[in-house]
Amino acid sequence: MLQVPYLRENLEAALTGLNKRNKDFAETVHHILLVDEKRRKIQNELDGQLAEANQLAKSIGDLFKSGKKEEADELKKRTSELKESTKELEVQLLALEEEQKQLLYLVPNVPHHSVVFGKGADENEIVYSTGDVHANTTNKLPHWELCEKYDLIDFELGVKIAGAGFPVYKGKGARLQRALINYFLDQAQAAGYQEFQPPHLVNEASGYGTGQLPDKEGQMYHVGVDDLYLIPTAEVPLTNLFRDVMLKEEQLPIKLTGYTPCFRREAGSYGKDVRGLNRLHQFDKVEIVQLAHPSKSYEHLEEMVAHVKGLLNQLELPFRILRLCGGDMGFTSALTFDFEVFSAAQERWLEVSSTSNFETFQANRLKCRFKGADGKSQLVHTLNGSALALPRIVAALLENHQDENGIRIPHALVPYCGFERIN
RNA sequence: GGAAAGGUGGGUGAGUGGCUGAAACCAACAGUUUGCUAAACUGUCGUACGGGAAACCGUACCGGGGGUUCGAAUCCCCCCCUUUCCGCCA
């Protein structure tokens, strides 16, 4: 969430930025500042009364010790008065703090200056593209047919075991999954990311830390008996490793990677969006995460974008990079680049990575800070990106690299697969 | 799941009602000494919020919440977590 002092001192800039999201937050922000003003006033008053009570308690103690019981009793009258009024002020203060917090949960991150105003996905800017994607679309089978033809993935079996959206990978299909995971992890490691294997279930505090709670509660599977959530992305456990942590400036940037399955309820999705591998309840993903110095975070974002770009080039897939407009950007993000691969048979773009800088928005909830040279603590910037999400990559690989003799495995992947062709 | 012990600052750990925001040690940082390293010595060394231009001052925080008291890390109640033993088990 946004920091109140930031809003207080940069009100105009914040509102101008928020306007790019095609929604008006002015009222909420002003409300926050109003509550903040009240809050500070009450705290000031409360602190004064508590200070007096502390003084009195000391005096009473001293008087007791020197046997002046009557004088002590006299002072006690005042303390009981104070006790009542401080109690009342405390209730007010807590209510204001809670109100402020609830209001802050409603306000998304302020978009970066490079983000344009836009109503939705149609207005995203294409900042990179590999060229004419429609040149290679004749006689292509959709990946779900290829999966059946070459016995790679059994969607029906998945329905039997769990339900729609839980595919069963078989034979070379399963091997391809494992190859992609290893390939992505190796590439991340080569780029300086330390590999982690985090838990796949997380507690409520972690959900709040990265912003899935309270906004997107319905997207996560919740294990009621133990009050745990299945992770929708490795971002959640990986970023939360640094919840409530005070770092040293020289530790930055911290670069993490991890493979995890991801679980998403995807309630309300239907039609061609959920066909085959397009949208699943469980899928595999390798994530990269960075905790960065605020003055360097946009350089690191560029670096992450370049990393993902490299992966897609190595997989020999047609793709494009979008800079999301304000209306399409996620709640917690300040700047997001989406990567979309072109699916040759479906002839549509499939999102395979979303790489974002959250600036201090997550760090504020996480309380992940570092101490600068001046000895003052400040919030880190958090960034993350998929590198990459598997299912749509698999869909694109199958559809784009198919020919009459089967499916060609890109060179980079052959050592990981142990075969050059699926047929 | 049953039983017991315990949760204090970056770490170890003292602290059973006021002199404790918290001893001591370690780590860290700055300085002195030193041919270099090491050692030794001196000093600094929690976080958040509020007030202030600043120096600084105030308040809160010893797992979380509530209570007793003029006054709580310390006493009482509830909850959470961790560790150990037993049971179960990949």
Side-chain angles (χ1 to χ4, degrees), chain A residues 1-9 32-104 197 199-209 213 222-229 237 240-252 254 261 291 360 362-380:
Chain A
M1 59 184 141
L2 293 172
Q3 300 172 84
V4 177
Y6 162 80
L7 289 174
R8 218 188 285 151
E9 287 153 30
I32 289 169
L33 291 180
L34 200 76
V35 171
D36 184 54
E37 210 171 301
K38 273 198 234 171
R39 195 202 95 236
R40 285 186 290 160
K41 196 168 151 241
I42 298 281
Q43 188 184 333
N44 216 319
E45 205 174 325
L46 175 63
D47 282 357
Q49 293 193 8
L50 287 171
E52 188 184 347
N54 285 341
Q55 276 305 317
L56 285 170
K58 260 187 199 131
S59 308
I60 290 168
D62 291 341
L63 289 171
F64 266 123
K65 269 180 213 157
S66 50
K68 298 173 181 162
K69 190 166 175 308
E70 281 171 23
E71 286 177 46
D73 285 339
E74 195 59 33
L75 291 182
K76 277 197 199 177
K77 287 180 193 160
R78 175 65 183 149
T79 50
S80 59
E81 276 173 37
L82 281 172
K83 203 169 183 180
E84 268 181 48
S85 59
T86 53
K87 205 163 201 174
E88 202 175 300
L89 286 171
E90 259 165 27
V91 170
Q92 286 181 40
L93 186 64
L94 275 174
L96 288 168
E97 282 171 353
E98 181 60 26
E99 187 181 359
Q100 190 172 58
K101 199 173 80 181
Q102 292 305 324
L103 288 166
L104 279 167
Q197 283 199 17
H200 299 167
L201 282 82
V202 295
N203 56 27
E204 196 181 48
S206 298
Y208 275 96
L213 296 174
H222 182 224
V223 183
V225 270
D226 296 300
D227 199 17
L228 292 169
Y229 294 87
N240 271 283
L241 295 173
F242 292 87
R243 173 153 46 85
D244 294 319
V245 167
M246 181 72 79
L247 294 161
K248 290 177 202 143
E249 191 167 15
E250 58 267 27
Q251 285 178 273
L252 300 174
I254 289 173
L291 308 184
T360 60
Q362 285 183 329
N364 191 26
R365 282 200 206 176
L366 286 165
K367 287 215 222 50
C368 178
R369 294 159 298 177
F370 70 96
K371 244 185 198 158
D374 57 358
K376 292 200 169 153
S377 60
Q378 54 178 314
L379 297 168
V380 302

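Treat the numbers as computed from the prediction; the structure is a model and nothing was measured. Below, read A as the first sequence line, B as the second, and so on, with proteins coming before strands; counting in each chain starts at 1.
Contact annotation for A:Lys248: no contact, since no heavy-atom pair falls under 4.0 Å across all strands. Across all strands, A:Leu50 comes closer than 4.0 Å only to sugar-phosphate atoms, never to a base (heavy-atom distances). Using a 4.0 Å heavy-atom cutoff across all strands shown, A:Ser377 reaches sugar-phosphate atoms only and no base atom. Contacts of A:Arg39 with the nucleic acid, taken as non-hydrogen atoms under 4.0 Å apart, involve only primed sugar atoms and P, OP1 or OP2.
A:Phe370 places none of its side-chain heavy atoms less than 4.5 Å from the side chain of A:Leu291.
Look at the P atom in both B:G18 and B:C75: the space between them is 12 Å, to the nearest Å. Distance check on atom C1': B:G7 versus B:C61 gives 16 Å, rounded to whole Å. Atom P of B:C86 sits at a distance of 50 Å from the matching atom of B:A30, rounded to the whole Å.
Side-chain contact annotation: A:Ser59 with A:Asp62, donor-acceptor N/O pair under 3.5 Å absent.
We find that CG of A:Leu56 is positioned 15 Å from C1' of B:U69, with the value rounded to whole Å. Remark: P of B:A48 and CG of A:Asp36 are 17 Å apart, rounded to the nearest angstrom. Taking atom CD1 on A:Ile42 and atom C1' on B:G58, their separation rounds to 17 Å, with Å as the unit.
Phosphate proximity of B:U47 to A:Arg369: absent, as no side-chain N or O sits under 4.0 Å from OP1 or OP2. For the pair A:Arg40 and B:G58, the criterion of a side-chain N or O lying under 4.0 Å from OP1 or OP2 is not met. Proximity of A:Asn54 to the phosphate of B:A60: a side-chain N or O atom is located under 4.0 Å from OP1 or OP2. Listed pair A:Lys371 / B:G10 fails the phosphate criterion, with no side-chain N or O lying under 4.0 Å from OP1 or OP2. Between A:Ser59 and B:G18 there is no side-chain polar atom (N or O) within less than 4.0 angstrom of OP1 or OP2.
Other residues, nucleotides and ligands contribute more than 12 heavy atoms inside 6.0 Å of the CD atom of A:Glu249.
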